[in-house]
2 protein chains.
Amino acid sequence: MAKKVVQDAERRRRRRTKQGLVLSHALIVETALRLLREHGPQGLTARRLGLALGADPSTVYRYFDGMDDLILALADELMGRAVAGWETTGDWRRDLRDLGLRIHATYLAHPQAAVLTAARVSGRSQEIAADEAILGLLRGAGFPDPAAVRIYHAFIDQALAFAALDAASLTLPEPALRADRTIWRATYARLPERTHPNITAVADLLAARMNSSAYPAALDLMLASAAAELAAAPRDGGNEVVQSV
Amino acid sequence: MAKKVVQDAERRRRRRTKQGLVLSHALIVETALRLLREHGPQGLTARRLGLALGADPSTVYRYFDGMDDLILALADELMGRAVAGWETTGDWRRDLRDLGLRIHATYLAHPQAAVLTAARVSGRSQEIAADEAILGLLRGAGFPDPAAVRIYHAFIDQALAFAALDAASLTLPEPALRADRTIWRATYARLPERTHPNITAVADLLAARMNSSAYPAALDLMLASAAAELAAAPRDGGNEVVQSV
DNA sequence: CACCTTATGCCAACAGGGTTGACGTTATTC
DNA sequence: GAATAACGTCAACCCTGTTGGCATAAGGTG
């Protein structure tokens, strides 16, 4: 198995090898992310990855336990990048807002990586570190455990969900995910006005709107709701619907 | 092409054919959804679909232009089911809340169909009908076009995003998407307390929370925010962040 | 130094994926 | 009855992830 290989190879610096190749987890992840960004999900295959690395496709399996494992590593890497440079001020609301925007921005910088948002939850290092930070922040702010967990989940879910959908709007991946502006305009503007008056009337608006993000506003709403909950009752309030505004 | 085939075959009732097979768009979609629900994304392949239909895999291509086209049809079918039975009362906020919950529930009834949420936007009949209804509702309520489009998008995005993530929490699909309770508990509870005090302290809560949905609360927040915007200013307010509560 | 174990890379091969084209049969239409 | 479209099968193609065997390099130990 590649488990022990991981630990040993990680702490060692190799000079050169048979064909002069020097692969590593970091290099493979970096290359995979590049392929994903430049050529979309279709571009990230075992064979293409091997080609981009100048190595045989099967070599990747010396470092990762299959393609699924690699994908989890990619998601973990992105989470690590999102958290990198994040500094907590002690103001949980401000800190979470900052982190949320960082996660969102990181995924938007790798639009094709929207696939990865479904691959969360793995017990990998970067993710767990981020989770620890978030939970610690919430508990430190005075949220009881159930509330902290609830907010923690809502926070992560929201960030990843919006990132995935925003990214899907920005990119032009495989036909099944096609959602770019051109498609929208072409699809909606071509509808007969008689049968679809509402859509045709706002076809251009629909197309133009595909580029903007609704996440910051939604994030602020969620944080405001959490703050109101904290201010109202120090004790936990269960899972009931929060009616505000 | 299958385009003309579609129209002609749809309006006709065929008694029997060569081997006694009577395929149709509806039957194929129904079977594909069943495969997806029972065996997950891995279970929905051209070959398995052919097997389940008792037909040759290539036969599907007489009805759909490739697997992508079929997947879009599945998403369209689900949207149609979600909207079926939906009755508008004229109260846009109440109606949208109802529709949102319907969409959410429909996708939760087909957990494995979370993949389909990424396949939105296609110009297919059921979807366009739903879009028309939503946009008509918002414009009728007095929202100017830009605001209506913005809310329309936020509404759909939110419903699909939460459905996808909630469904991912409920199911146990391929390794890359693994996110079930067992995994959560096993993953997080096994962490050393010394290095991960926060996570280990709430490990059970984390696992238990995977089954509940945060969508209704988020939906209410969004609708409340939209209502506040409508009450405050009849004219459109652009894309600025809404600070409420 | 020799020696053995581990790490690392390549190669060939397998099962299974989507998709296509030719072909035959059936159903419909004129 | 003849022509045409629809429908289903079959064999084949190229792609995918993945594996086992083999060769070489590296690292540690005598």
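Quick caveat: nothing in here was measured; it's all calculated off a predicted structure. Naming: A, B, ... by sequence-line order, numbering from 1 per chain.
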Rounded distance in Å - [atom1] ([X]) to [atom2] ([N]):
X     : N      : atom1 : atom2 : result
B:R62 : C:dG24 : CZ    : C1'   : 11 Å
B:I71 : C:dG17 : CD1   : P     : 14 Å
A:F64 : C:dT8  : CZ    : P     : 12 Å
B:H39 : C:dG17 : NE2   : P     : 13 Å
A:H25 : C:dT8  : NE2   : C1'   : 12 Å
A:L53 : C:dT8  : CG    : C1'   : 14 Å
B:I28 : D:dA6  : CD1   : P     : 15 Å
B:Y63 : D:dT9  : OH    : P     : 10 Å

Hey, could you give me the [atom1]/[atom2] distance between [X] and [Y], rounded to the nearest 0.5 Å?
X      : Y      : atom1 : atom2 : value
A:E87  : A:L99  : CD    : CG    : 13.0 Å
B:T59  : B:I28  : OG1   : CD1   : 8.0 Å
B:E30  : B:L35  : CD    : CG    : 11.0 Å
A:L44  : A:L33  : CG    : CG    : 8.5 Å
A:I103 : A:F155 : CD1   : CZ    : 5.0 Å

Listed by chain and number, what are the side chain to side chain contact (heavy atoms under 4.5 Å, CB included) partners of B:T106, not counting sequence neighbours?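 Per chain and number, B:T106 pairs via side chain to side chain contact (heavy atoms under 4.5 Å, CB included) with B:L78, B:R81, B:A82.
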
Counting primed atoms plus P, OP1 and OP2 as sugar-phosphate and everything else as base, spell out the protein contacts along nucleotides 14-19 of chain D at 4.0 Å heavy-atom distance: B, S or - for each nucleotide, 5' to 3'. --BBBB

